[in-house]
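What follows is one structure encoded as structure tokens, with my remarks underneath.
Residue numbers start from 1 in every chain, and the chains themselves are labelled A, B, ... in the order their sequence lines are given, proteins ahead of strands.
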Amino acid sequence: MPLTKTLIEQFEAQLGKGAVLWRPEDLTLYEYDGGVDKARPAAVVFPRTTEDVVFIVLKAREARVPIVGRGAGTGLSGGSIPRDNGVVISFSRMNRILEIDIENERAIVQPGVVNLDVTQAVKSYGYFYAPDPSSARACTIGGNVAENAGGPHTLAYGVTTNHVVSLEAVLPDGSVMRLGRKELDLPGYDLTGLLTGSEGTMALVTEIGLRLMRQPEAVKTMLAVYGAAECAGDTVGELTARSLLPVAVEMLDGPMLRMVEEATHAGYPMDAAAVLLIEVEGLKEEVEEQTAQIDKVCLHCGATEFRIAKTEEERALLWKGRKNAFGAIGRITPTYYVQDGVVPRTQIAPTLKAIAAIGERRGIAISNIFHAGDGNMHPIIPFDPRKEGDLRNAQLAGEEILDFCISVGGSITGEHGVGMEKMELMAHQFDDDSLDMIRRIKMAFDPHCSLNPGKVLPTGKGCLEIRQPAKMEL
Amino acid sequence: MTQPLAPATPEDLATILAEAAFRNKSISLLGFDSKLAMAGPAVQTDVVVSTRCLGRVLRYEPKDLTLSVESGMPFASVQALLAQHGQMIALDPPHADCASVGGIIASNSSGPLRLGYGTARDQVIGMTFATLEGKLVRTGGMVVKNVAGLDIAKLMIGSFGTLAAIASVNFRVHSKPAHTATFVFEMPTLEAALRLRREILGGPLHPIAADLLSPSAVAGLGFRGFAIALRSAGSEAVLSRYRSAWHQAEIIEDAAEEEFWRSVREFSPDHMRRFPEGCVIRVSSSLEAMAEVLRDLQEAYVSRLLNGVTFIAVSNWAQAAPLLTRFAQHSWPAVVEYAPHEIRSEQTLWFVPETEAEQNAFRMMKKLKAVFDPQHLLNRNRLYGRI
């Protein structure tokens with residue numbers, strides 16, 4: 001449904017003709033993200049400055065049109081899907097690194113800056129930006145803040161929220177807030193921490209202050225090969241129990257590593273039941289010692305082989321397999337559903353069993369690739385969209401897996417967010433009072449529920465306004 | 001003072017709050033009273049609620065490195081329990097020996113170890129709190145990675161009990177390092193000390209604590225001039241690397257090391273014990289601005305050298321006021337963290353020079369306060385006199 005002509009014209013007058021999309025053929029690119037849900041926006045606008053964002057917000061507010069922020073559209077939970085139509089604000093042109101301040105270990109960036117570009121920009125100074133989602137080459141810092149994104153190395157370094165020190169954000173009433181500074185320990189409520197992970201439902205972030213970290217002196221990457229997936233799961237618990245602190249512990253099960261190997265030739269064994277990709281960083285001495293100890297633990301837990309990458313090329317190859325896994329899956333099944341549940345680290349082996357049983361019961365070949373070190377499972381559930389009921393079957397399998405995660409003390413999402421995918425499941429994890437508190441805090445920021453409506457909270461427990469259709473006319 | 005009510009369960013805590021709020025009674029929340037001289041003045045209220053009977057360990061899974069405890073549990077007891085398994089909550093705040101878990105989290109207290117492990121916001125993975133409506137709200141969980149719903153625990157950390165009462169806190173815990181050693185460099189001048197900091201930042205070594213102590217702060221500890229104290233952690237091999245890199249420093253280990261860091265950690269409370277009329281100012285700056293912040297400062301101070309946070313101890317308000325004015329002129333955020341009750345009742349404690357966008361942020365804080373406590377009953381003005 002197109003927006004009023006006047007609104008489009010006002011956007012074009014402020015932003016330029018090339019910064020507003022409204023023809024149906026131009027909008028199709030913006031109706032999906034990396035997940036399975038779809039909805040077409042009424043328009044997509046491309047601001048370049050905070051003032052542009054304020055203008056868009058005020059005009060949309062006058063027209064009572066909802067707004068959804070979008071980074072690179074790599075999200076996996078439908079966070080940037082405009083489910084009530086409305087205006088999508090694409091931050092792809094707000095992509096400048098505003099300041100690199102090595103002396104103070106900070107970078108100030110616009111939300112459309114690509115994650116990996118931050119590290120690339122500070123690498124030569126010996127620094128890096130720690131959160132590294134698999135989509136780091138494409139996803140944006142703004143999207144990372146919205147979802148509180150993680151990645152393999154968050155095991156040691158923490159997720160996005162641990163690396164964001166300040167934000168500039170536009171509220172739905174058009175006012176601009178500045179939260180936090182380069183300096184630490186400001187008095188007052190930690191609104192930066194509250195907004196990080198709020199999935200674009202409370203404010204639109206227009207500038208982000210990031211903490212930079214010094215590169216470690218040494219890094220070693222190793223691969224442990226297993227004949228049984230449970231043994232790999234046990235290894236994770238044992239590493240934790242023995243105070244060994246890899247910076248990443250990634251697991252690929254048999255079906256997954258075969259898909260990955262065929263696509264990337266990373267050197268993974270084709271006949272194994274699981275592999276662990278483990279990385280340690282730090283001082284040379286530390287890395288040597290930890291590698292030797294990890295070798296022992298892996299073999300003790302039943303690893304049949306333990307390899308250490310000898311060169312930077314070997315190391316890169318091992319990671320290439322992990323980082324390009326989703327592309328590899330695409331060769332086998334063009335459509336699949338990536339789940340994102342978390343369990344306590346001691347529950348990995350039972351969870352893998354439960355996932356296998358659910359897959360068997362539903363007739364789906366589920367494979368697994370995940371951040372084992374922090375118990376963040378990513379079962380990959382293939383489906384055929386042409387087959388009636390196949391997607392629904394995959395989604396139900398996903399729900400059963402997440403219910404298992406909750407039953408062992410875990411969570412329905414570790415890094416992908418609730419979005420529209422897991423709204424209803426929120427009620428499985430939280431009671432009504434807790435959900436209501438989320439709603440009330442959201443409404444303090446967004447009283448008219450105009451920002452990213454229909455996300456995070458279960459139907460009937462979100463904003464009242466969400467249930468009313470947004471007013472849009474020709 | 002009003003006799004405190006001490007509920008024994010989170011449900012009772014919620015009920016007491018709801019009843020008081022229903023009758024429009026002002027409420028103060030207390031743990032073990034360790035921080036009564038800190039932040040906004042605690043005033044006489046109609047109802048006093050203490051968490052001291054909420055002292056249970058709800059869950060401890062050493063192999064998962066997670067822990068859930070009620071807010072009234074003594075922090076020292078929690079650390080003692082974890083130590084039996086070679087683990088710790090990686091926080092070393094002031095009052096660590098006498099504070100409750102809830103008090104430390106509500107005041108966002110931290111110590112020298114924050115360099116290596118971060119602050120409360122990096123350790124807390126979940127929380128249950130009681131609201132004035134008598135509800136128990138859960139946020140986060142018992143896993144180290146979790147983005148289901150808003151991270152409301154972040155709001156509670158550092159809120160000084162002005163929003164709700166923390167009933168229990170879930171932590172990620174850390175293994176205690178195998179060995180630690182502390183290296184103290186005596187530096188003749190501030191400039192020399194800051195040059196050393198630059199060297200550390202440029203090198204591969206990552207101490208878990210790096211504090212700068214002013215001459216008057218370090219004199220009692222047996223050092224002269226400015227002292228930079230660096231704590232390293234790891235295996236023997238790692239420590240020997242530090243020893244050879246920092247061979248010019250004096251090394252302290254074992255009990256002496258623990259005692260040294262205890263003194264540093266307790267810098268502010270110790271000062272207030274010795275000088276009841278004294279004040280402690282906390283000023284934040286970028287690392288670059290620290291030279292300017294600390295220039296010509298004669299007072300005793302401790303700086304978290306790689307975090308840019310400095311605690312300055314003065315013997316009375318007359319000495320504090322000009323410092324606060326100077327910090328405000330430079331736009332360095334500062335608070336009066338400790339001062340006598342009367343001072344904290346009369347003076348501005350929160351010096352954050354604000355732009356319009358920062359004022360908008362403060363308005364949002366007030367809005368959130370109104371969501372939780374529309375009648376303004378709970379721990380009135382405890383958030384540095386402003387909320």
Side-chain angles (χ1 to χ4, degrees), chain A residues 103-104 147-148 150 154 158-159 161-162 168 175-179 181-191 193-194 197-198 217 237 240-241 243 283 285-286 289 342-346 374-376 409-415 417-418 426 429-431 433-434 437-438 440-441 444-445 456, chain B residues 61-66 86 118 121-122 131 135-139 141-152 154-155 157-159 175 201 204-206 234-235 237-238 241 282 284-288 307-309 332-333 335 350 352 355 357-358 360-362 364-365 367-368 371 383-384:
Chain A
E103 178 99 1
N104 296 306
E147 303 296 325
N148 192 11
T154 57
V159 292
T161 193
N162 307 103
E168 179 190 76
S175 60
V176 180
M177 288 195 302
R178 197 160 263 285
L179 313 170
R181 293 182 171 201
K182 275 187 191 169
E183 296 94 346
L184 300 174
D185 288 11
L186 269 53
Y189 304 137
D190 181 4
L191 300 186
L194 184 70
S198 63
E217 177 184 60
T240 314
S243 315
L283 290 180
E285 294 81 353
E286 213 168 355
E289 280 178 350
V342 194
V343 295
R345 288 171 267 213
T346 48
D374 35 31
N376 189 183
S411 170
I412 57 170
T413 172
E415 55 183 11
V418 176
M426 282 290 281
Q429 190 169 336
F430 293 102
D431 57 29
D433 289 342
S434 303
M437 187 50 85
I438 294 176
R440 288 164 63 192
I441 292 173
F445 285 75
V456 181
Chain B
E61 304 287 352
K63 279 196 157 187
D64 287 331
L65 293 174
T66 56
R121 77 197 296 285
D122 305 298
T131 68
K135 290 175 176 165
L136 284 174
V137 172
R138 257 181 0 104
T139 178
M142 280 296 276
V143 282
V144 292
K145 210 169 168 189
N146 189 355
V147 295
L150 286 183
D151 191 356
I152 311 176
K154 291 275 189 301
L155 270 187
I157 295 169
S159 67
S175 299
L201 272 181
L205 301 180
H206 283 264
S235 65
V238 168
R241 172 84 180 272
R282 186 185 82 210
S284 304
S285 68
S286 66
L287 301 187
E288 207 174 3
N307 302 108
V309 179
W332 297 318
V335 292
W350 173 334
V352 186
T355 60
E358 284 173 314
N360 286 340
F362 185 72
M364 181 53 70
M365 291 180 201
K367 251 191 203 174
L368 286 170
V371 168
L383 194 56
Y384 295 99

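Ranked by non-hydrogen atom pairs under 4.5 Å with chain B, the options A:V456, A:D431, A:T346, A:N376 are led by A:T346. When the candidates B:A357, B:S285, B:S175, B:G158 are compared by the number of heavy-atom contacts under 4.5 Å with chain A, B:A357 comes out ahead. In terms of heavy-atom pairs under 4.5 angstrom with chain B, the leader among A:V176, A:V418, A:N148 is A:V176. Ranked by heavy-atom pairs under 4.5 Å with chain A, the first of B:G149, B:G308, B:G141 is B:G149. Your options are A:Q429, A:M437, A:K182, and the one with the most heavy-atom pairs under 4.5 Å with chain B is A:M437. Highest contact tally toward chain B, considering only A:E415, A:M177, A:E286, A:M426, is held by A:M177 [criterion: heavy-atom pairs under 4.5 Å]. Between chain B and the residues A:G197, A:G158, A:G188, the most heavy-atom pairs under 4.5 angstrom are made by A:G188. Interface remark: of the candidates B:T66, B:L65, B:T131, B:L65 forms the most heavy-atom pairs closer than 4.5 Å to chain A. For chain B, the option among A:G150, A:P187, A:A444 with the highest count of heavy-atom pairs below 4.5 Å is A:P187. In terms of heavy-atom pairs under 4.5 Å with chain A, the best-connected choice from B:D151, B:L155, B:V335 is B:L155.
Contact annotation: the side chain of B:V147 never approaches that of A:V159 to less than 4.5 Å [non-hydrogen atoms, C-beta and beyond]. By the 4.5 Å heavy-atom criterion applied to side chains, A:L283 and B:L205 are counted as neighbours. Between A:V342 and B:N146 the shortest side-chain heavy-atom distance does not fall below 4.5 Å. In this structure, B:M365 and A:L191 have side chains that are in contact, with non-hydrogen atoms separated by less than 4.5 Å. Counting only heavy atoms from C-beta outward, the side chains of B:I152 and A:I441 approach each other to under 4.5 Å. Side chains of A:T161 and B:K154 form a contact here, defined as non-hydrogen atoms less than 4.5 Å apart. At a threshold of 4.5 Å between non-hydrogen side-chain atoms, the residues B:V137 and A:F430 do not count as touching.
For B:L383, the part lying near chain A is the side chain, with the backbone staying farther off; criterion is any non-hydrogen pair under 4.5 Å. A:E147 touches chain B through its backbone: at least one of N, CA, C or O sits under 4.5 Å from a heavy atom, while the side chain does not.
Between the A:R440 side chain and the B:V371 main chain, a donor and an acceptor come within less than 3.5 Å of each other. Side chain of A:R181 to backbone of B:S286: no donor-acceptor contact under 3.5 angstrom is found. Within the 3.5 Å criterion, the main-chain N or O of B:L136 finds no donor-acceptor partner in the side chain of A:D433.
Taking all atoms of both residues into account, the shortest heavy-atom contact from B:N307 to A:L184 is O-CD1, 3.5 Å. Taking all atoms of both residues into account, the shortest heavy-atom contact from B:L368 to A:L194 is CD1-CD2, 4.1 Å. Annotation for B:L287 and A:E103: closest pair CD1-O, 3.7 Å, computed over non-hydrogen atoms. Heavy atoms only, all atoms of each residue included: A:P344 and B:V143 are closest at N-CG1, 3.6 Å. Among all heavy-atom pairs drawn from A:S175 and B:N360, the shortest one is CB-ND2, 3.9 Å.
Under a 4.0 Å N-O distance rule, the pair A:R345/B:E61 does not qualify as a salt bridge. Ion pair A:E217/B:R241 flagged as a salt bridge, since at least one NZ, NE, NH1 or NH2 atom sits closer than 4.0 Å to an Asp/Glu carboxylate oxygen.
In this structure B:D122 satisfies the side chain to side chain contact (heavy atoms under 4.5 Å, CB included) test together with A:N162, B:T119, sequence neighbours excluded. A search for side chain to side chain contact (heavy atoms under 4.5 Å, CB included) contacts involving A:D185 returns B:R114, B:R282, B:S284, B:V309, not counting sequence neighbours.
A distance of 10.0 Å separates NZ in B:K135 from OG in A:S434, rounded to the nearest 0.5 Å.
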